[in-house]
Amino acid sequence: MDSVAVVTGAASGLGAALCRSLAAQGVAVVAADTDAAGLVALAADTVIHTQVVDVSDDEQVRRLIHSTVTELGRIDYLFNNAGIRLGGAAEQMPLPQWQRIVDVNLWGVVHGTRHAYPLMRAQGFGHIVNMASLAGVTPVTPSAAYAMTEHAVVGLSTSLRAEAAAAGVRVSVAVPGRVATDIVDSGIDLPGYSYRGSSRRTPIGMISSERAAEYVLRGVRKNKQYIVFPRYNRVLVVAYRWFPNLMSRVGGRR
């Protein structure tokens with residue numbers, strides 16, 4: 001039987017690239033997103049199943065995971081890829097924005113994990129891949145709320161990895177650098193801050209979604225705990241571990 005993968009945040013960017021790459025490798029892919037039109041466009045050139053799902057809604061995610069197993073017989077991979085970006089000074093962030101980013105970036109991962117993990121344990125195999133970012137392992141300002149959710153996803157992933165190993169379930173967390181995805185343009189900037197402007201000032205270019213998907217899938221094949229890419233991102237992560245005070249000051253200027 002072919003492997004089966006569920007990908008959230010699949011309608012564009014890295015999620016769409018993962019769907020195309022997995023489908024090309026013969027994996028049965030269930031692509032989930034709130035963007036129905038984007039899913040239709042993806043399905044036009046890729047043999048996939050699609051579901052319109054808001055990952056912040058636990059019941060919608062439960063139906064996504066359980067219907068996948070009912071219809072396709074198993075779940076080999078869960079890519080918790082859906083996320084939103086929110087940047088700006090913490091003191092200017094209204095409560096609904098704090099709640100929304102937690103609902104999508106953290107609860108979305110929790111919902112997917114808590115529904116897929118028991119099924120994978122029962123199978124005796126499976127691999128959960130959670131998407132974080134550099135903001136999950138270093139300070140990134142002014143994006144305290146975003147960094148908070150990314151750090152939580154890293155903690156969830158590394159702790160569950162140790163817990164799940166005995167059951168045959170693998171867990172990895174991806175820590176990409178700058179990837180050319182819609183999250184750059186679709187994110188929310190609070191007054192006085194522009195992520196796109198900050199990105200243009202950064203001398204390090206973005207990589208394509210397709211290249212990012214290659215990094216992620218290579219890390220999955222190697223069962224890496226941390227899938228950190230590209231190379232400059234690995235340098236930044238190591239530099240922060242050795243020189244946290246210096247790198248915090250550098251991060252404060254980003």
Side-chain angles (χ1 to χ4, degrees), residues 6-18 31-35 38 52-62 64-65 78-90 92-117 128-161 171-190 193 195-196 198-199 209 212 216 226-228 233 237 251 254:
V6 173
V7 182
T8 68
S12 61
L14 176 55
L18 284 169
D33 204 297
T34 55
D35 180 0
V52 176
V53 172
D54 180 352
V55 297
S56 69
D57 186 316
D58 182 64
E59 176 56 23
Q60 291 187 34
V61 178
R62 187 197 65 79
L64 166 69
I65 301 297
L78 169 63
F79 292 87
N80 281 313
N81 175 67
I84 59 175
R85 180 190 58 75
L86 176 60
Q92 296 182 5
M93 193 170 300
L95 179 60
Q97 301 285 22
W98 285 96
Q99 293 170 328
R100 181 58 182 162
I101 198 167
V102 171
D103 284 346
V104 176
N105 290 11
L106 179 54
W107 277 112
V109 173
V110 172
H111 293 155
T113 299
R114 83 180 199 89
H115 290 301
Y117 179 50
I128 297 171
V129 185
N130 296 325
M131 299 298 169
S133 73
L134 185 63
V137 289
T138 72
V140 175
T141 60
S143 300
Y146 178 70
M148 171 189 68
T149 61
E150 301 301 277
H151 273 73
V153 169
V154 171
L156 166 63
S157 304
T158 55
S159 298
L160 183 60
R161 179 183 175 92
V171 182
S172 299
V173 58
V175 183
R178 294 178 181 272
V179 180
T181 67
D182 287 351
I183 198 170
V184 175
D185 294 322
S186 63
I188 301 170
D189 288 333
L190 297 178
Y193 177 70
Y195 180 76
R196 276 175 288 181
S198 175
S199 297
S209 297
V216 171
Y226 291 95
I227 305 173
V228 185
N233 219 33
V237 171
R254 286 200 287 262

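All values reported here derive from a predicted model rather than from experimental measurement.
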Going by atom types alone, do H115 and D58 pair a side-chain donor with an acceptor below 3.5 Å?
yes

Are the side chains of [X] and [Y] in touch, meaning some heavy atoms are under 4.5 Å apart?
| X | Y | result |
| --- | --- | --- |
| I65 | H111 | no |
| V216 | F79 | yes |
| M93 | L86 | yes |
| E150 | N105 | yes |

Compare every heavy atom of [Y] with every heavy atom of [X], then report the nearest pair and how far apart it is.
| X | Y | value |
| --- | --- | --- |
| D54 | Q60 | N-OE1, 2.8 Å |
| N130 | T113 | OD1-OG1, 4.1 Å |
| S172 | I227 | CB-CD1, 4.0 Å |
| V154 | G136 | CG2-O, 3.7 Å |
| M131 | A174 | SD-CB, 3.5 Å |
| A82 | G9 | CB-N, 3.6 Å |

Inter-residue atom distance [X].[atom1] - [Y].[atom2], 0.5 Å rounding:
| X | Y | atom1 | atom2 | result |
| --- | --- | --- | --- | --- |
| L156 | L160 | CG | CG | 6.0 Å |
| I84 | T149 | CD1 | OG1 | 8.0 Å |
| D57 | L64 | CG | CG | 11.5 Å |

Donor-acceptor pair, distance only, cut-off 3.5 Å: does the side chain of [X] make one with the backbone of [Y]?
| X | Y | answer |
| --- | --- | --- |
| N81 | L14 | no |
| N233 | V228 | no |
| H151 | A135 | yes |

Given side chain to side chain contact (heavy atoms under 4.5 Å, CB included), test V102 with M148 step by step and report yes or no.
CA-CA 9 Å; V102 171; M148 171 189 68; 3.5 Å; yes

Stepwise side chain to side chain contact (heavy atoms under 4.5 Å, CB included) check, I128 with Y117:
CA-CA 8 Å; I128 297 171; Y117 179 50; 4.2 Å; yes

